[in-house]
Amino acid sequence: MIAACREIRRNILRISKASGHGHIPTCFSVVEMLYGVYQTIRHDPANPSWEGRDISILSKGHASLGLYCVLAHFGYFDVEKVHSYGAFGSDFGCHPDRLKVPGVEVSTGSLGHGIGVGVGMALGLKLKKSDRRVLVLIGDGESNEGTVWESVMVASNLDLDNFTILFDNNRSQERCLPIPNPVERFRSFGCDSIEVDGHDVEALKEALSRRASGVKVIVANTIKGYGCRTLAENIFAWHRRSPGEAEFQKLMDELDAETV
Amino acid sequence: MTSTPFIIGMRDAFFDALYEIARTDRNVIIISADNGAPSLDKFAQTLPNQYFTVGIAEQQMIGMAAGMAFEGKKVYTYAIAPFITTRVLEQQKLDVCSMNLPIVNLGIGAGYAYDIMGPSHHTVEDISIMRALPGMKIYCPADAICSRALVDLSYADPSPQYIRFDRAGIPNIYAGRPVDFTPGLVKTREGRDMYIVATGIMVHQALKVSDELKRDGLEVGVIDVCRIKPFPVEWLFEYLEEVPWVVTLEEHLLAGGLGGIVAEIFVDSGVTTPLLRIGQEDRFVFTYGGRSVIWKKYGLDVPSVVEKIQTWMSSRSGGVEFAKRAAVR
């Protein structure tokens with residue numbers, strides 16, 4: 001784990017403990033993906049609405065705390081501000097609001113929505129003959145929603161080669177409705193689909209930079225709760241739970257020792 | 001009501017006028033969920049970068065409209081009315097309304113327009129459901145002239161909007177006279193004893209009911225509510241001020257529909273004018289044979305509405321006396 005991603009995870013733990021809110025394991029599975037995205041795309045944290053920026057959408061909005069800590073790392077705002085997470089008067093809700101948080105392009109929360117909006121943005125940019133790109137991070141659990149596949153069909157049919165889907169393959173729906181063989185699935189929908197280690201920032205950046213024919217899908221194999229054994233081994237118990245003082249120290253120690 | 005091929009429908013009147021705007025404003029986009037219309041063909045042929053069909057994927061259509069709106073487009077979505085309202089309710093709520101995007105949703109087949117198609121294609125709950133979405137404006141034109149006027153209103157307005165069109169070729173009420181639709185409400189016929197407040201195709205029914213009640217000596221006016229949300233409250237009060245009886249008539253469930261809105265306004269404003277709401281009860285309709293058959297069976301045809309009004313008036317305290325007074329006047 002690179003130092004920046006470890007520090008982002010520390011912040012997620014600190015803020016979750018302080019606020020008593022947050023979905024920690026899902027945030028931990030997307031840290032490298034979001035970090036890789038913001039290292040790769042064109043964006044300007046000092047001017048979040050810069051006309052030349054690429055668009056990044058977190059469709060699985062419950063990983064908002066992870067997104068906030070990544071955006072803070074890249075300078076969109078001070079991470080201290082995020083400590084108000086979920087509190088009265090805060091801009092930082094448990095699902096991201098585009099009108100409040102700089103860098104949040106689409107308000108999300110209900111699963112299977114961000115990807116559809118992203119398809120529309122990619123089409124809108126194509127019509128403007130712009131070379132800007134749209135990237136949408138979706139979850140494998142989110143892909144239980146039928147709308148995800150409507151969006152993939154339409155994006156593929158429109159041949160949106162400026163559209164990238166990052167598929168967080170953390171196997172969170174093994175218990176219920178798994179999405180087996182996601183690479184082949186997306187390929188069968190007409191996408192240019194590849195697989196990478198979702199915790200390897202360099203591999204992610206290479207995949208993000210790679211030219212694709214048509215809609216690009218990056219299946220990122222991840223571990224829910226990556227970085228802390230306690231989280232990774234008990235993802236259901238920790239799905240939406242904040243640590244107490246003793247638990248917090250244990251998780252911080254595990255993170256430092258990188259036990260997963 | 002049978003459709004007459006010589007009358008241009010309110011949908012086609014809308015698309016024809018929108019086409020003229022789209023030719024000069026390249027940011028006007030139409031997305032259809034695999035629904036065609038004669039008036040849409042020219043969009044496909046001459047404005048291919050402004051006309052998209054997503055397939056039978058209404059949820060994606062609404063999400064995509066939101067994404068295109070973010071890129072500066074004025075997007076009109078189009079589908080059969082139930083599939084652009086209840087089927088995509090969460091997309092309307094979150095993708096359109098919560099982000100307050102300039103999207104105009106066009107639904108064809110309001111009420112029982114798709115008569116023999118059954119509850120899947122009937123749209124008699126859309127007003128109550130769509131009006132619950134914060135920021136969503138709702139229009140329901142009664143003829144093609146109103147529909148044509150809604151093109152300019154919808155184009156100039158950056159709010160989320162829903163326009164429910166009838167499917168049939170309905171005669172024009174407003175031909176040959178200047179009508180301002182911007183207040184959202186039109187006094188279609190002046191009244192002295194009663195006003196029937198109606199919307200869409202029921203405005204036509206209300207005029208016929210008014211003709212019938214004239215035989216009882218009643219001067220019954222008709223108010224056409226073409227903008228259901230935000231409801232033109234001030235105008236309604238101005239028109240209803242002097243009449244002692246108010247009836248609402250809608251081809252829609254009574255739960256939360258036009259009559260429900262008027263009742264809410266009366267209660268909130270302390271208005272005590274007797275109010276009769278006529279519409280559909282809490283039921284699905286599996287009756288075939290046509291729209292007029294449905295109206296007759298469920299009390300929305302002209303004789304049934306007339307009878308309901310007469311019974312209601314005579315059962316109210318003083319109602320009979322009033323009717324007699326009105327008759328001799």
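Everything quoted here is computed from the prediction, not taken from an experiment. So that the names make sense, note that chain A is the first sequence line, chain B the second, and so on, each numbered from 1.
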- Heaviest contributor of heavy-atom pairs below 4.5 Å to chain B, chosen from A:G114, A:S110, A:A155, is A:S110

- Query: What part of B:Q50 gets closer than 4.5 Å to chain A, counting heavy atoms only: side chain, backbone, both or neither?
  - Reply: neither

- Task: Give the member of A:K128, A:K126, A:E150, A:R98 that has the highest number of heavy-atom pairs under 4.5 Å with chain B.
- Result: A:E150

- Query: Is any side-chain heavy atom of A:D161 closer than 4.5 Å to a side-chain heavy atom of A:V215?
  - Reply: no

- Task: Under 4.5 Å heavy-atom distance to chain A, tell me which part of B:I29 shows up: side chain, backbone, both or neither.
- Result: side chain

- Query: Of B:Y78, B:F52, B:Y19, B:Y76, which meets ring-ring contact (aromatic ring centres under 6.0 Å, His included) against B:F43?
  - Reply: B:Y19

- Message: Between B:K73 and B:N27, is there a side-chain donor-acceptor contact under 3.5 Å, judged purely by atom types and distance?
- Response: yes

- Task: Select one option (side chain, backbone, both, neither) describing which atoms of A:V134 are under 4.5 Å from chain B's heavy atoms.
- Result: neither

- Note on the structure: Heaviest contributor of heavy-atom pairs below 4.5 Å to chain B, chosen from A:D97, A:V119, A:T108, A:I57, is A:V119

- chain B contact via A:L127 - which portion, at a heavy-atom distance below 4.5 Å: side chain

- Item | B:I116, CD1 atom: more than 12 neighbouring heavy atoms under 6.0 Å | no

- Find the distance between CZ (B:F165) and CD1 (B:I163) and round it off to the nearest 0.5 Å. 5.0 Å

- Query: Looking at A:R132, A:R133, A:R42, which hits salt bridge (Lys or Arg N to Asp or Glu O under 4.0 Å) with A:D54?
  - Reply: A:R42

